[in-house]
Amino acid sequence: MTETRVRIAPSPSGNLHIGTARTALFNYLYAKKMGGKFVLRIEDTDAERTEQQYIDNIFDSLKALGLNWDEGPDVGGDYAPYTQSERFDIYPEYAQKLLDAGFAYECYCTPEELEAEKQASQANKVAHVYSGKCENLTEEEKAKLIAEGRKPAIRFSIKKALKAFHETSEITFDDLVKGELKQNGDLIGDFVIMKSNGTPTYNFAVVVDDLLMKITDIIRGEDHISNTFKQILIYEALGVEVPRFGHLGMILAPDRSKLSKRHGATAVSDFIKEGYLIEALVNFVALLGWAPSDGVEIKTVDEIAADFRIAEVSSSNSIFEYDKLNWMNGQYIKKMPLEELLEHAKPFLAEYNLERYTHDELLRILEITREPITLLSELKYDTEYLFNDDIKLDEVSEVLSAEYANDVLSRTLEISEGLDFSSEEPLHEAFANLRGEFKEKGIKPKETMWVIRAATTGRTRGADMCAIIKLLGKDEFTRRIKAAMN
RNA sequence: GCCCCCAUCGUCUAGAGGCCUAGGACAACACCCUUUCACGGUGUAGACAGCGAUUCGAAUUCGCUUGGGGGUACCA
């Protein structure tokens, strides 16, 4: 048995997309499950669209997700370099092999000529296939075209490859997730493998790299199915073993269109900025197309990897809905150790003076505010009254204008006098008594607490009151009560 | 236009001919718990796209239709 080797090959023309992240995750899971290697390769053959910031973003996002690669541009490996632009000298050599074996030929067609052919096919309602008119150019004809200043591209000869390796023109392969897939090879045009500028096209570069990097299993989005047939032919023409392929359904936006910026976050880094925890993101995205055998949906990456079977992955597209992701993020926030949560929360609390509280108090703040939230970013609003002493009472004027409100507040002030604010216990007891006291006057316990909450936080909802009071301390608490009484 | 892929509750899915009066999760709704909001708990509602065929029997197999997605570049 040869070692399983998979790869994720993003092209740095944008930040790491959530769809790419899922493909990376499934490759990673598959590698883990098979005890194989996970390789990262940067596909930057299109210099026009690649930017360093995107390369950085891809690295950072993948690392944040915990999808550590065994080989890649930064860590190296036996098959370096792992950046396509650094491999440009490799491709012509393989193109030449194809040329020599008769599986490729030079094409001198201009964009205009190509476009005209395409238009003609469209008009005739037939599949557009390049005519192959350059395949049989004589040396004189070539010389003449070169003299005109034309530079040739190199095309792959479908017909020759089909004839050499297939009994019929049908190309089939057994997809890891979709089963048998087929395509009539006659409908594939002779595609360009080397551009006239000497750089390889995507379909050629991937094959050369994947075979040189000894990739055994290629798991990618189903938008690559049509490429797969072309690539199989190249592998065969090069005389090497064809790897296994697995095509995943796409992730769609709620309106069933491609997930794009107008739907909100699309890059992993966007989600992190919005307050999603990577654990939740990874867990959620794994559930898009894959289901745990025991029905337990909240799982760590390791647990998922142990239970992962590529053949059981759904072959249909799935829609990215926030509801479940939000719920899951909330679950992770509730379960996360407080120390860890504090680290994740700090960026969202950057505007506040955290020095005001001790480390333990900060942990307590998170403990009492984490329950209802779904996103870390909500922490900013939900903890605001603990950091900002300027309490606005506009939103709670109704609560404070209740006839019993001033009674509650003055009694609160009275009982605060001899109260110990250094721990929550006595506060709980004191306010329980206060509730009892007012209950006898016909004021519901919740109404009593509402007044106190409104006065000290300017809100009608929030964390545990006694914990808040203890955190604020006697001076600040009574100051706020007094301020609200006016 | 042509080619390919896909099709179970609103969403993610379980289901590989009888175990299905189709199960779970999120969302929705109701109730309970509660010092608020929430968390949690209990319950309700909610789907096999349509039509044919195969079979004693089909969500599960096959065909067609419809719908959705993808591809059709000297982009990746």
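Here is how names work: the chains are called A, B, and so on, in the same order as the sequence lines, proteins then strands, and each is numbered from 1.
Few gaps surround CD on A:Glu148; more than 12 heavy atoms of other groups in view lie less than 6.0 Å from it.
Distances were taken from every side-chain heavy atom of A:Ile225 (C-beta onward) to each of B:rC4, B:rC12, B:rU36; the shortest belongs to B:rC4. Of the candidate nucleotides B:rU35, B:rC74, B:rA73, B:rU35 has the atom lying nearest to any side-chain atom of A:Asp464. Side-chain atoms of A:Thr45 lie closest to B:rA76 of the nucleotides B:rA76, B:rC74, B:rC6. You'll find that the side chain of A:Thr201 is closest to B:rC74, out of B:rC74, B:rA38, B:rU35. Counting only heavy atoms from C-beta on, A:Ile319 has its side chain closest to B:rC12 among B:rA76, B:rC4, B:rC12. Here the nucleotide nearest the side chain of A:His428, chosen from B:rA76, B:rU35, B:rC39, is B:rU35.
Aromatic rings of A:Phe229 and A:Phe173 (six-membered ring for Trp) have centroids within the 6.0 Å cut-off, being under it.
If you check every strand for non-hydrogen atoms under 4.0 Å, A:Asn184 touches nothing. Using a 4.0 Å heavy-atom cutoff across all strands shown, A:Arg459 reaches no nucleic acid atom at all. A:Leu325 comes within 4.0 angstrom of nothing in the nucleic acid, heavy atoms only. At a threshold of 4.0 angstrom between heavy atoms, the contacts of A:Gln183 are confined to the sugar-phosphate backbone, with no base atom among them. Within 4.0 Å (heavy atoms only), A:Arg256 reaches sugar-phosphate atoms of the nucleic acid but no base atom. Residue-level contact check: A:Gln119 touches neither bases nor backbone, having no heavy atom under 4.0 Å from any strand.
Using bins of under 30°, 30° to 60° and over 60° for the plane-to-plane angle, the ring pair A:Trp290/A:Phe308 lands in the tilted bin. Ring-plane geometry between A:Phe103 and A:Phe156 is classed as parallel, the angle between the planes falling under 30 degrees on a 0 to 90 degree scale with a further cut at 60. Below 30°, between 30° and 60°, or above 60°: for A:Phe245 and A:Tyr235 the angle between ring planes is above 60°, a perpendicular geometry.
Residues A:Ser318 and A:Tyr322 both approach RNA chain B. Their nearest nucleotides, taken by heavy-atom distance, put A:Ser318 toward the 5′ side. Nearest-nucleotide mapping onto RNA chain B: of A:Glu180 and A:Met465, the residue sitting toward the 5' end is A:Glu180.
For the OP1/OP2 pair of B:rC74 and a distance below 4.0 Å, the side-chain nitrogens and oxygens of A:Lys151 include no atom meeting the criterion. Residue A:Lys195 places at least one side-chain N or O closer than 4.0 Å to OP1 or OP2 of B:rA76. Proximity of A:Arg461 to the phosphate of B:rA38: no side-chain N or O atom is located under 4.0 Å from OP1 or OP2. An OP1 or OP2 oxygen of B:rA73 is reached within less than 4.0 angstrom by a side-chain nitrogen or oxygen of A:Lys118.
Using atom P as the reference point in both B:rA30 and B:rC19, the two lie 36 Å apart (nearest Å). Across the C1' atoms, B:rU8 and B:rA47 are found 6 Å apart, a figure rounded to whole Å.
Contact annotation: side chain of A:Ser315 to base of B:rC6, donor-acceptor pair absent below 3.5 Å. Below the 3.5 angstrom threshold, one finds a donor paired with an acceptor across the side chain of A:Lys324 and the base of B:rA25. Under 3.5 Å, the side chain of A:Asp44 and the base of B:rA76 form no donor-acceptor pair of N or O atoms.
In this structure, the side chains of A:Tyr54 and A:Glu51 come closer than 4.5 Å at one or more pairs of heavy atoms.
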